[in-house]
Structures are given as structure tokens and as C-alpha cells.
There are 2 protein chains.
Amino acid sequence: MDQTDLKILNILQDNARISISELGRMINMTGPAVTERIRKLEEKEVIRSYRAVLSPEKLGKAITAFVIIQVNRCDLFTDFCRRSPDVAEIHQISGQFNFLIKVVTESMQSLERFRRECSEFGFTQTMTVLSTPFDPKGVPLDD
Amino acid sequence: MDQTDLKILNILQDNARISISELGRMINMTGPAVTERIRKLEEKEVIRSYRAVLSPEKLGKAITAFVIIQVNRCDLFTDFCRRSPDVAEIHQISGQFNFLIKVVTESMQSLERFRRECSEFGFTQTMTVLSTPFDPKGVPLDD
DNA sequence: CCTGAAAATAGAACCGC
DNA sequence: GCGGTTCTATTTTCAGG
């Protein structure tokens with residue numbers, strides 16, 4: 001894991017669809033050398049995946065919210081979240097509440113429906129997202 | 001925005017580095033047709049970006065936490081977050097706390113340092129991530 | 001890590017529906 | 001508008017050094 005790898009990661013983090021040859025040009029390296037480095041970074045799972053980032057609002061999901069919840073049956077709740085199309089992320093956390101989940105859903109109605117389902121598992125608190133000042137950053141890498 | 005677009009989005013959401021021709025094969029469409037649809041989806045910003053998803057832990061960022069905070073000077077705080085390398089995400093939220101931020105940082109020490117900096121802006125509460133049962137899902141699209 | 005040739009792909013122009 | 005075809009330039013892959 002050297003400077004070159006960090007450069008590659010920084011570029012792919014910003015533009016996952018760049019061609020290998022253009023990436024190579026940017027860092028003065030030939031295609032095969034870049035390909036091999038990327039292969040190793042994928043193998044070590046430094047790179048986990050390549051994803052297109054979509055706009056939920058333009059796909060009928062107007063509401064984003066974070067729900068924290070205090071549950072007993074952790075496995076059951078995790079399974080419920082895995083199956084729920086409204087759950088985008090789930091994290092087990094320290095503190096009074098033991099899960100924080102990110103919900104992306106159609107409307108306030110569907111959010112409320114979801115929250116009610118959740119309350120079967122424990123006490124919840126909902127924080128609706130009003131705005132997101134800037135797009136999620138990737139992992140900051142200094143090369 | 002039809003079934004075909006949804007199929008394309010689903011595929012790119014899962015594998016942003018797939019070749020246009022393979023994508024075309026998967027949905028029985030020629031390359032140029034796929035390219036044109038993707039171009040329009042990018043233009044409409046249904047597709048916002050293509051990103052490589054990296055493992056923070058494998059890049060020296062062992063700790064993830066969510067911090068909620070009650071601030072008065074919103075702009076100042078947002079600028080602070082924009083500049084901080086520890087802030088991965090920021091959301092303005094409803095409720096007692098008005099911001100929720102996702103922090104990805106080296107260690108508990110650096111998290112505590114960050115939290116102290118934050119407390120200049122207002123009352124904070126930190127929820128450290130213990131585990132993430134499953135990787136963030138994309139936007140669920142039924143085609 | 002580079003080179004070089006073969007295979008695959010992407011992009012542009014154009015056609016028909 | 002929509003997608004298909006063809007042709008060319010570029011890219012990717014794989015062998016070998």
C-alpha cells in the first residue's frame with residue numbers, strides 16, 4: 001500500500017467508471033500495471049465494490065430519516081431490517097439505543113408506517129432529514 | 001423512466017464498472033442504446049456519480065460514529081464539517097438536535113478530539129458504531 | 001513494471017421504425 | 001422519440017521480457 005495505490009483509490013473513489021488507460025495516464029503508469037494493482041486492492045478488499053450513486057428523490061423516495069431504537073431481540077430486528085425495502089443502512093451502536101438505521105422511503109406516511117412496525121421491537125426515536133449540506137465524502141486519503 | 005431504465009440502474013448500482021456491452025447483453029439491448037439511456041439518466045441526475053466503496057478499517061480508519069448536535073450557528077458548523085477530514089456525512093434533522101453527522105476516524109482518541117472540537121458549536125451526543133450487520137443497500141428499485 | 005499483438009469494447013454517424 | 005447497424009478508434013487482456 002504505497003502512494004500509487006492511494007492515488008488509484010482516490011481516483012476510483014471519485015470516478016469508478018474511468019477507463020484503466022485514462023487512470024494510467026493520470027498517474028504515469030501502463031494499463032496492465034494499473035489493472036494488477038486494482039486486482040490486488042480488490043482481493044484484499046480495500047476496494048469493496050463499485051456503485052452508482054442514485055438520487056432517491058428522483059426515484060420516488062422523497063424522505064430520508066434516521067431511526068434509533070432500543071431493542072432486545074437483536075437478531076430478529078436485524079433480519080427485519082434486512083428484508084425491509086425502507087432500510088438503507090443499519091448500525092449497532094453504543095449507548096442507550098443499540099441500533100441506528102437509515103431509512104429511505106416514499107413519504108411521511110410510509111415513514112410513519114415503518115416507524116410503527118419498528119416499535120414492535122422496542123422504543124424508537126426518529127430524526128427526519130431536512131437537508132444534506134454536502135454529498136457523503138469517501139474515505140479521505142492523503143497521498 | 002421505464003422498466004429498462006430501472007434494470008440498468010439496478011445493475012449499475014451493484015456493479016458500476018460493468019462494461020456497456022455486458023450490461024447490454026444482460027438486458028438484450030445493443031451498446032449504443034444502453035449508452036444513450038445512461039447518458040440521459042446522468043443528465044437528469046438520476047445517476048449522481050460512480051464511486052468505489054473502500055474499507056475504512058483497511059485504510060487506518062478504525063472508528064465510525066454518529067454524532068448528533070444542537071447548534072445555533074448552522075453555517076459555521078456546516079463549514080467546519082466540510083473541512084474536517086473526519087466528517088463523512090452531514091444531515092440537518094428535525095427534533096431537539098439539528099444535525100446528525102457520520103464520523104469516520106482513526107481511533108477513539110481522534111474521535112474524542114473531534115467531539116471536543118464539535119462541542120464548541122453546541123451540545124453533542126456520540127453514538128459509536130459497534131458493528132454494521134449489512135452493507136448499505138442502494139435505492140430499492142422494483143422492475 | 002513494460003512491450004506488443006489480438007480480442008473486445010466504446011463512440012459516432014446513419015438508418016428505419 | 002426509440003433502438004439497431006456499421007465502422008473506426010480506443011481499450012483491455014495476455015504473452016513474454
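Within every chain, numbering begins at 1; the chains are lettered A, B, ... in the order of the sequence lines, protein sequences first and strands thereafter. Being a predicted model, the structure only gives us computed values, none of them experimental.
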**Q.** salt bridge (charged side-chain N to carboxylate O under 4.0 Å, His left out), paired with B/D2, selected from B/K7, B/K40, B/R37
**A.** B/R37
What is the separation between atom [atom1] on [X] and atom [atom2] on [N], rounded to the nearest whole Å?
X: A/E36; N: D/dG16; atom1: CD; atom2: P; value: 17 Å
X: B/M29; N: D/dG4; atom1: CE; atom2: P; value: 6 Å
X: B/R39; N: D/dG1; atom1: CZ; atom2: C1'; value: 13 Å
X: B/K7; N: D/dG3; atom1: NZ; atom2: P; value: 12 Å
X: A/D2; N: C/dC1; atom1: CG; atom2: C1'; value: 13 Å
X: B/I8; N: D/dG3; atom1: CD1; atom2: P; value: 8 Å
X: A/L23; N: C/dC1; atom1: CG; atom2: P; value: 13 Å
X: A/M26; N: D/dT11; atom1: CE; atom2: P; value: 14 Å

For [N] and [X] - does any side-chain N or O of the residue sit under 4.0 Å from the phosphate oxygens OP1/OP2?
X: A/R25; N: D/dT11; answer: yes
X: B/T30; N: D/dG3; answer: no
X: A/R37; N: C/dC1; answer: yes
X: B/S19; N: D/dT12; answer: no

Q. Hey, is the main chain of B/C74 close enough, under 3.5 Å, to the side chain of B/T78 for a donor-acceptor pair?
A. yes
Q. Should the pair B/H91 and A/F66 be assigned to parallel (<30°), tilted (30 to 60°) or perpendicular (>60°) ring geometry?
A. tilted
Q) Do other residues, nucleotides or ligands put more than 12 heavy atoms under 6.0 Å from the CZ atom of A/R73? A) no
Q | Pairwise 5' ranking along DNA chain C for B/S21 and A/V34, keeping only the more 5' one | A | A/V34
